[in-house]
Amino acid sequence: MKKVRTRFAPSPTGPLHIGGVRTALYAYLFAKHAGGDFILRIEDTDRNRFVPGAEEYIIESLNWCGIIPDESVTAGGPFKPYRQSERKEIYDKYIKQLLNKGHAYYAFDSPTDLEIQRRAAEKEGRVFSYDASVRMKLKNSLSMTDEETSRILASGEDYVIRIKVMPGETISFDDMVRGEVSFPSESLDDKVLMKSDGMPTYHLAHLVDDIEMQVTHVIRGEEWLPSTPTHILIYQALDLADRIPRFAHLPLLLKPEGSGKLSKRDGDRLGFPVFPLQWKDPVTGEISMGFREKGYYPEAFINMLALLGWNPGTEQEIFTLNELEQLFSIQQVNKAGARFDPEKAKWFNAQWLHRKPVNQLAAALKKQVLELGWHNNRTDSYFYKAAALLQPRVHFEYEMAQAGKYLFVTPDLLDEKVLAKKWKEPYRSFFTILKDNLANQQDFRAETIELTVKKTAEHQQLKPGEIMQLMRVLVSGQSSGVDLFPMMELLGSHEVVQRIESGLLKVKG
RNA sequence: GGCCCGUUCGUCUAGGGGUCUAGGACAUCUCCCUUUCACGGAGGAAACACGGGUUCGAUUCCCGUACGGGCUACCA
């Protein structure tokens, strides 16, 4: 049994979209589940679309997600180089083989020639396709004599090399997520294998590399499904039919609303990231937000992505990368496209935050509070307790300081709505008495505070329910927040008494 | 247009001939807990696109239709 090897092969044309990250994740999980290797290969055969910084961005993104390749440009490996632009000679060898066997041919049609063909076809309501039905009428080594071909080649004129697809065949293969898929060869065109600049196209390069790098399973997006039969034909032409990898074509990620696949525009329009990391366009300087910068944990991010199109068949929803590696199976991948739901993404982050150790949150909270300049003399124990109170009520770490502002700063405004609705002037004397009772209380713990409050209320013939909300507003300024009595304990007797005192002054009679 | 792929609650999905009165999660609504607020818990509303077959029986299999998506570049 051959060792399982999968790869993720992005092209460095910009930031990695979350659909791409998911593809990488599935390819990684598939390999790891089988105890195999995961390779990162950079497909940079198109010089025109190369974007500086994109390759580094891709590597950093995967790294942030914890998707660590066994072999890559940075990690090296037995099949280096892992950048296609550095593997030109290898492709040339394969091209020559195809040419020699008559499976590929030279084509001299200029881009303008082809454009004319397309227009003409369009006029007749057809779509031009460079295939067996027209190739003998075009300028190529099949329609010309060998002498002519040699002469043009020698003259240095631009040419491309195309695969010669024979009509009348049915190409079928067994896709791991879709099952048996088949195509008539007439529906295929003579795809360009080598461009006029001497670089191979994706179709040739990826296939050669997959063979050379001993890739066993090709896991990629659904957009590649229509070109897969051409790839199979190339394998066959190369006498590599017995080494064709298994294919798995993943469904696409769709927009949260409307139709079509998820794009950068959707993120901008609806206010959520579509990229793992923030990206600054080197040309326009435009900045696109990233999940990392939006406060998402990488664990939550990949957890969410993993469930977008895959499901283990149980009711568990929170998984570590490790668990995913153990449970992942390509048979459980859905066939239909999945809409990305930004709301559920937030929920995943909250779930992970609720599971974080409190001291991690305490450290984050401390940093935020210090940055805001709210208080710098709080003890670490204070931050720990504050973080513990805040933990269940936030979705992101960065929300903590603002959500618990009253734990650090005396409120200057009290919630008017609650006051208007619940305040009655007779309560003033109650709070005055309560304040004194609290001031005299030796043991200022949540339970004893609660007892004091209830006893005092009882003495004044008040129901605790009447004054609880008002007490919260007096102490925190807000109508909602962390557990009231633990909050008072944390603030301490002196602070609480002062806040009630100054709060009462702010309440209009 | 052509080729290919898909279609279970608003969204992510489980289930794949009878156990489906179609399960879970997000969002939404109600209630409970907390005489506060969240977390949490309980419950409600909410789906097998449609039409034909096959079958004793179809959400599940087959065929059509509709709808959605992808591809149709010397881009990947």
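Sequence lines set the chain letters: A, B, ... in the order given, protein chains first and strands last, and positions in each chain run from 1.
A distance of about 10 Å separates the C1' atoms of B:U8 and B:A14, rounded to the whole Å. Separating the C1' atom of B:U54 from that of B:U13 is a span of 29 Å, rounded to the nearest Å. One P atom belongs to B:G23, the other to B:G70, and the distance between them is 33 Å to the nearest Å. Atom C1' of B:A66 sits at a distance of 14 Å from the matching atom of B:G52, rounded to the whole Å. Taking atom C1' in both B:G24 and B:C9, the straight-line distance is 12 Å, to the nearest Å. When the P atom is used for both B:A22 and B:C50, the distance is 15 Å, rounded to whole Å. B:A47 sits 16 Å from B:A27 when the C1' atoms are compared, rounded to a whole Å. Rounded to the nearest Å, the gap between the C1' atom of B:U35 and that of B:C20 is 44 Å.
Applying the ring pair (Phe, Tyr, Trp, His ring centres under 6.0 Å) rule to pairs touching residues 107-134 of chain A yields nothing, sequence neighbours excluded. Residue pairs meeting the ring pair (Phe, Tyr, Trp, His ring centres under 6.0 Å) criterion with at least one member in residues 168-191 of chain A, sequence neighbours excluded, are A:Phe173-A:Phe247. Counting only residues at least two apart or in different chains, salt bridge (Lys or Arg N to Asp or Glu O under 4.0 Å) contacts with residues 340-351 of chain A comprise A:Glu317-A:Lys344, A:Glu343-A:Lys346. Sequence neighbours left out, not one pair with a member in residues 11-25 of chain A passes side chain to side chain donor-acceptor pair (under 3.5 Å).
With sequence neighbours left out, A:Glu122 forms a salt bridge (charged side-chain N to carboxylate O under 4.0 Å, His left out) with no residue at all. Applying the ring-ring contact (aromatic ring centres under 6.0 Å, His included) test to A:Tyr296 and every residue at least two apart in sequence or in another chain returns A:Phe291, A:Phe396. Residues passing the salt bridge (charged side-chain N to carboxylate O under 4.0 Å, His left out) test with A:Asp266 are A:Lys255, A:Arg269, sequence neighbours excluded. Annotation: salt bridge (charged side-chain N to carboxylate O under 4.0 Å, His left out) contacts of A:Arg445 (sequence neighbours excluded): A:Asp443, A:Glu447.
Remark: C1' of B:C39 and CH2 of A:Trp352 are 18 Å apart, rounded to the nearest angstrom. The distance between atom CD of A:Glu466 and atom P of B:U35, rounded to the nearest whole Å, is 16 Å. Taking atom CD of residue A:Gln461 and atom P of nucleotide B:U35, one finds them 21 Å apart after rounding to whole Å. One interatomic measurement links the two molecules: CE of A:Met487 to C1' of B:C37, which rounds to 10 Å at whole-angstrom precision. Here the P atom of nucleotide B:A38 and the CG atom of A:Leu389 are 15 Å apart, to the nearest Å. In this structure, A:Lys123 atom NZ and B:G1 atom C1' are separated by 18 Å, rounded to whole Å. Distance NE2 (A:His395) to P (B:C26): 10 Å, rounded to an integer number of Å. The CZ atom of A:Phe319 sits 17 Å away from the P atom of B:G24 (whole-angstrom rounding).
With both pairing distances under 3.5 Å, B:A25 is matched to B:U11 as a Watson-Crick or G-U wobble pair. Under the Watson-Crick or G-U wobble criterion, with both distances below 3.5 Å, B:A38 is left unpaired in every strand shown. With a cut-off of 3.5 Å on both pairing distances, B:U60 has no Watson-Crick or G-U wobble partner at all. Base pairing annotation: B:C67 forms a Watson-Crick or G-U wobble pair with B:G6, both donor-acceptor distances under 3.5 Å.
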Pairs under 3.5 Å (N/O, protein and nucleotides 44-47 of chain B):
none

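Residue contacts for A:Leu484: at a heavy-atom cut-off of 4.0 Å it reaches a base atom on one of the strands shown.
With 3.5 Å as the limit, one finds no donor-acceptor pair spanning the side chains of A:Tyr159 and A:Asn140. With 3.5 Å as the limit, one finds a donor-acceptor pair spanning the side chains of A:His249 and A:Thr228. Side chains of A:Asn437 and A:Thr452: a donor-acceptor N/O pair is absent below 3.5 angstrom, by distance only.
Here A:Glu458 does not pair with A:Lys454 in a salt bridge; the nearest charged N to carboxylate O distance is not below 4.0 Å. In summary, A:Arg246 and A:Asp174 engage in a salt bridge, as defined by a charged side-chain N under 4.0 Å from a carboxylate O. Between A:Glu466 and A:Lys463 no salt bridge is recorded (no basic side-chain N to carboxylate O distance below 4.0 Å). A salt bridge does not link A:Arg7 with A:Glu43: none of the charged nitrogens is closer than 4.0 Å to a carboxylate oxygen.
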Does the protein touch nucleotides 5-18 of chain B at the base, only the backbone, or not at all? Give it as B, S and - per nucleotide, heavy atoms under 4.0 Å. SSS---SSSS----
Any chance you could list the contact pattern along nucleotides 71-76 of chain B? Use B for base contacts, S for sugar-phosphate-only contacts and - for none, protein heavy atoms under 4.0 Å, 5' to 3'. S--BBB
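Enclosure of atom NZ in A:Lys385 is not indicated, since only 12 or fewer non-hydrogen atoms of other residues, nucleotides or ligands lie within 6.0 angstrom.
Taking a 4.0 Å limit (strictly below) on heavy-atom distances, residues 446-457 of chain A reaches RNA chain B at A:Glu450, A:Lys454.
In terms of position along RNA chain B, the nucleotide closest to A:Arg126 lies nearer the 5' end than the nucleotide closest to the other residue of the pair A:Leu462 and A:Arg126.
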